[in-house]
Amino acid sequence: MSLRRRVAALAGSAALALGTAALLPSPALAAPTGCTAWVSGNMAYSQCTGGTGQHSVAVQQWHPYAGPILVTGPWQPPGTISSTQITPWPVQRVWTNKLG
């Protein structure tokens, strides 16, 4: 078999393998469960106890001249805490964003 045919056969096999892998089901993400969010001092936190997705703390604050301020923390897996520093302005609400 010539080198050109070998390369073509190898490329065809690789394409077939990658195409088959794309059809296989991926593990499902379940939205995080058992989530709580809270503010303590100048920090906001969220923690989720179950699920396989990710969560992030979110805080809406109010500035008297600029209006609403939105502060979010980093995405974290369940079982860990997402935290962020907040401004000194009044907190209107705090919640947990969920992905999954």
Show the nearest heavy-atom pair for residues [X] and [Y], with the distance to one decimal.
X     : Y     : answer
Thr96 : Thr36 : OG1-O, 3.7 Å
Pro32 : Lys98 : O-CD, 3.6 Å
Trp95 : Gln60 : CZ3-N, 3.8 Å
Ser82 : Ser56 : OG-CA, 3.7 Å
Thr52 : Ala30 : OG1-N, 2.8 Å
Pro78 : Gly51 : CG-O, 3.4 Å

Check for a donor-acceptor pair, side chain of Ser46 on one end and backbone N or O of Val57 on the other, with a separation under 3.5 Å.
yes
Backbone N or O of Thr87 within a donor-acceptor pair of the Gln61 side chain at under 3.5 Å?
yes
Would Trp38 and Tyr45 count as a side-chain contact (heavy atoms from CB on, under 4.5 Å) if you check the C-alpha gap in whole Å, the side-chain angles of each, and the deciding distance to 0.1 Å?
CA-CA 5 Å; Trp38 69 97; Tyr45 306 92; 3.2 Å; yes
Distance in Å, [X] [atom1] paired with [Y] [atom2], rounded so as to fall on 0.5 Å steps:
X     : Y     : atom1 : atom2 : value
Thr80 : Gln47 : OG1   : CD    : 7.5 Å
Ile86 : Thr72 : CD1   : OG1   : 13.0 Å
His55 : Cys35 : NE2   : SG    : 6.5 Å

Could you tell me if the side chain of Pro64 sits less than 4.5 Å from the side chain of Trp89, heavy atoms only?
yes
Report yes or no: do Met43 and Val71 belong to one cluster of Ile/Leu/Val/Met/Phe/Trp/Tyr joined by side chain heavy-atom distances under 4.5 Å?
no
